[in-house]
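Some notes on the structure that comes next.
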Amino acid sequence: MLQFRRLPFRARLTTWYALVLAAVLLLFAAGSACVLYFQLLNQMSHFAIQDVETIEGLLFIAPDGRLSLHEDYHNHPQSRLLLERLLEIRSPDGTLLYRNDRLGNDELGGKPFAGEGVEGFSERSGRLKDGGRILLVSRYYRMHGGPVMVIRLGYRQDAIWSRMKEFLAASLVALPFFLAIAAVFGYQLARRALYPLGQMAQRAEQITAERLNQRLPVEHPGDELGHLARVFNNVLDRLELSFEQLRRFTSDASHELRTPLAAIRSVGEVGLQNSQTAAGYKDTIGSMLEEVGRLTKLVESLLAISRSDAGQVQLNLTVFSPLDLVKEVAAFFEVLTKEREQKLLISGDADLHVKGDRLLLRQAVINVLHNAVKYSPVGGAISVSVTSLTSSSVIVKIADSGPGISAEHQAKIFERFYRIDAGRTRDTGGTGLGLSIAQWAVHAQGGEIRVESSDEGAAFVMELPAFLKSS
């Protein structure tokens, strides 16, 4: 079996084809032999019944009182021997009344069994003393003006078995010849059928990480190979997109990590080169710690995204009020909004509930609300509302009074490290991961997040599945 598996697929396919064909031909030959056997047996039985009826008309009582058979019925003295007829006639008590020369000293059975040939012809198989198989037909017969008797007529089945052996021998002799022809044509058919697959494999071998833009040819879209090529091309599309995202993510992440590290090094080198007072060193250390804080936040965000991509985050599902969650997050930003003289307006229905991971949704609200506070002007207004458009969803809407987001940037606003201009730059100190994490957190709850923008500001809408309390 191991050696068979090492063969080329084309050879294995041809071998299996030949084996299956051989099994089918053997089953066909066996079935045909059985059909032939029963047909010949039925034909022999039909002839036997006719002969029994003929024999009934040929029986007579000889002058010596013995039961005899008119042999002059046949046109030729030897014609009675052509059908290999074996005849035996017995009385109901088993007394032998007549036995033909072909039967000789053999017997077709002893005392008749109960009901033998009474209601019609009794057919059965038997054996002679020499072991030969016979077909035996019995008939209960009352001779006119004579005794009651049971006529038994038997035919040897040697001719049938001889025909069967000839048929099977011819089938076995022809089988290798037909299998050889079938194997040759099967191999050619397998080679022709697998040729497109070989071409696809050769083309796939040429596709590398640097050539992911290439695709397999789809010559016949409607067949299985065309479907396989389309599936493989779809995989290549996803791989190319993933590689592109990975390159961009790696580039952006390295740049984001390099910025605070460069700032820490620069501040440290300046502090070492210049003699400063204790207060000066304290300011230097404070600047370095501020950059360390940004670096820590960036690393934590990257770690969260990495875990989400790997599916390693386990959701802790609970039922809670989104309005209470929003108020809790708003209290977290109270000091920052006071510094910027911004108004934070909270409204909503406290009876609305959702079932999800409260910590993840809290992180999403923090990230979105932080953006709203950061990009709203000093003295601006930020509104957070918790409403329900339908009984199956809860809407958390966070709107700011900033410069808004143009349509060309709205489709990419949730991409990792994506930034836009017009007041939303690195000067504000963001990492470009907050909205990406917010989107993942909302999607993990089975919800959706989208952005709506106008000249009056931007609004982020989080739509979450509502928890319906059973009555």
Side-chain angles (χ1 to χ4, degrees), residues 28-62 66-92 94-171:
F28 176 77
S32 300
C34 292
V35 172
L36 177 63
Y37 171 77
F38 286 109
Q39 285 181 344
L40 293 175
L41 198 63
N42 288 335
Q43 187 177 14
M44 181 178 287
S45 174
H46 179 69
F47 290 155
I49 291 174
Q50 289 181 338
D51 280 351
V52 170
E53 293 175 344
T54 301
I55 289 170
E56 291 175 355
L58 298 177
L59 292 174
F60 70 98
I61 302 297
R66 292 185 302 172
L67 184 67
S68 298
L69 189 69
H70 286 291
E71 298 290 344
D72 55 356
Y73 172 79
H74 301 281
N75 295 328
H76 190 277
Q78 297 299 322
S79 63
R80 66 181 185 275
L81 305 178
L82 295 178
L83 296 177
E84 297 287 337
R85 183 178 62 192
L86 305 173
L87 178 62
E88 179 184 271
I89 302 176
R90 291 182 180 270
S91 63
T95 302
L96 180 65
L97 302 179
Y98 180 82
R99 179 188 293 162
N100 69 347
D101 295 338
R102 178 160 292 281
L103 182 60
N105 295 326
D106 214 331
E107 294 184 353
L108 298 181
K111 181 180 179 181
F113 58 84
E116 181 178 357
V118 175
E119 299 296 334
F121 294 95
S122 297
E123 300 180 33
R124 64 188 185 276
S125 296
R127 287 184 180 273
L128 298 175
K129 292 180 180 179
D130 60 1
R133 289 178 176 272
I134 60 171
L135 172 67
L136 185 62
V137 177
S138 303
R139 174 74 176 271
Y140 186 85
Y141 177 65
R142 180 184 292 275
M143 189 176 180
H144 181 70
V148 177
M149 63 193 74
V150 176
I151 302 174
R152 291 172 174 171
L153 188 66
Y155 285 105
R156 285 183 176 272
Q157 298 184 20
D158 297 343
I160 295 180
W161 288 104
S162 177
R163 293 284 184 86
M164 295 284 294
K165 291 177 181 178
E166 291 175 359
F167 175 78
L168 292 175
S171 300

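Evaluation of the salt bridge (charged side-chain N to carboxylate O under 4.0 Å, His left out) rule for R139 yields E56 as partners, not counting sequence neighbours. When the ring-ring contact (aromatic ring centres under 6.0 Å, His included) test is applied to Y37, the partners found at least two apart in sequence or on another chain are W161. For D158, the salt bridge (charged side-chain N to carboxylate O under 4.0 Å, His left out) criterion is met by R156, not counting sequence neighbours. Remark: R66 pairs with D64 by the salt bridge (charged side-chain N to carboxylate O under 4.0 Å, His left out) rule, at least two apart or across chains. With sequence neighbours excluded, the residues that form a side chain to side chain contact (heavy atoms under 4.5 Å, CB included) with A33 are M164, F167, L168. Partners of Q50 under the side-chain hydrogen bond (donor to acceptor under 3.5 Å, both in side chains) rule, at least two apart in sequence or in another chain, are H46. Listed by chain and residue number, nothing satisfies the salt bridge (charged side-chain N to carboxylate O under 4.0 Å, His left out) test with E53 (two or more places apart in sequence, or in another chain). Every residue two or more places apart in sequence or in another chain that forms a side-chain hydrogen bond (donor to acceptor under 3.5 Å, both in side chains) with E123 is listed here: S45.
Here the closest heavy-atom approach between residue Y98 and residue L67 is recorded as CD1-O, 3.4 Å.
Within a 6.0 Å radius of CG in N105, no more than 12 heavy atoms belonging to other residues, nucleotides or ligands are found.
With contacts defined as side-chain heavy-atom distances shorter than 4.5 Å, the pair Y140/V148 qualifies. Residues L128 and L86 meet the side-chain proximity criterion, which asks for heavy atoms closer than 4.5 Å.
Among L153, L58, V137, the one residue that satisfies the side chain to side chain contact (heavy atoms under 4.5 Å, CB included) test with D51 is L153.
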Side chain to side chain contact (heavy atoms under 4.5 Å, CB included) evaluation trace for L59 with I89: CA-CA 10 Å; L59 292 174; I89 302 176; 3.5 Å; yes

Scan the side chains in residues 109-120 for donor-acceptor partners under 3.5 Å anywhere in the protein, sequence neighbours excluded, and list what turns up.
| residue | atom | partner | partner atom | Å |
| --- | --- | --- | --- | --- |
| E116 | OE1 | F113 | N | 3.2 |
| E116 | OE1 | R152 | NH2 | 3.0 |
| E116 | OE2 | R124 | NH1 | 3.4 |
| E116 | OE2 | R124 | NH2 | 3.2 |
| E116 | OE2 | S138 | OG | 2.6 |
| E116 | OE2 | R152 | NE | 3.0 |

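Every pair tested for salt bridge (Lys or Arg N to Asp or Glu O under 4.0 Å) that includes a residue from residues 141-150 fails, sequence neighbours excluded, so the list is empty.
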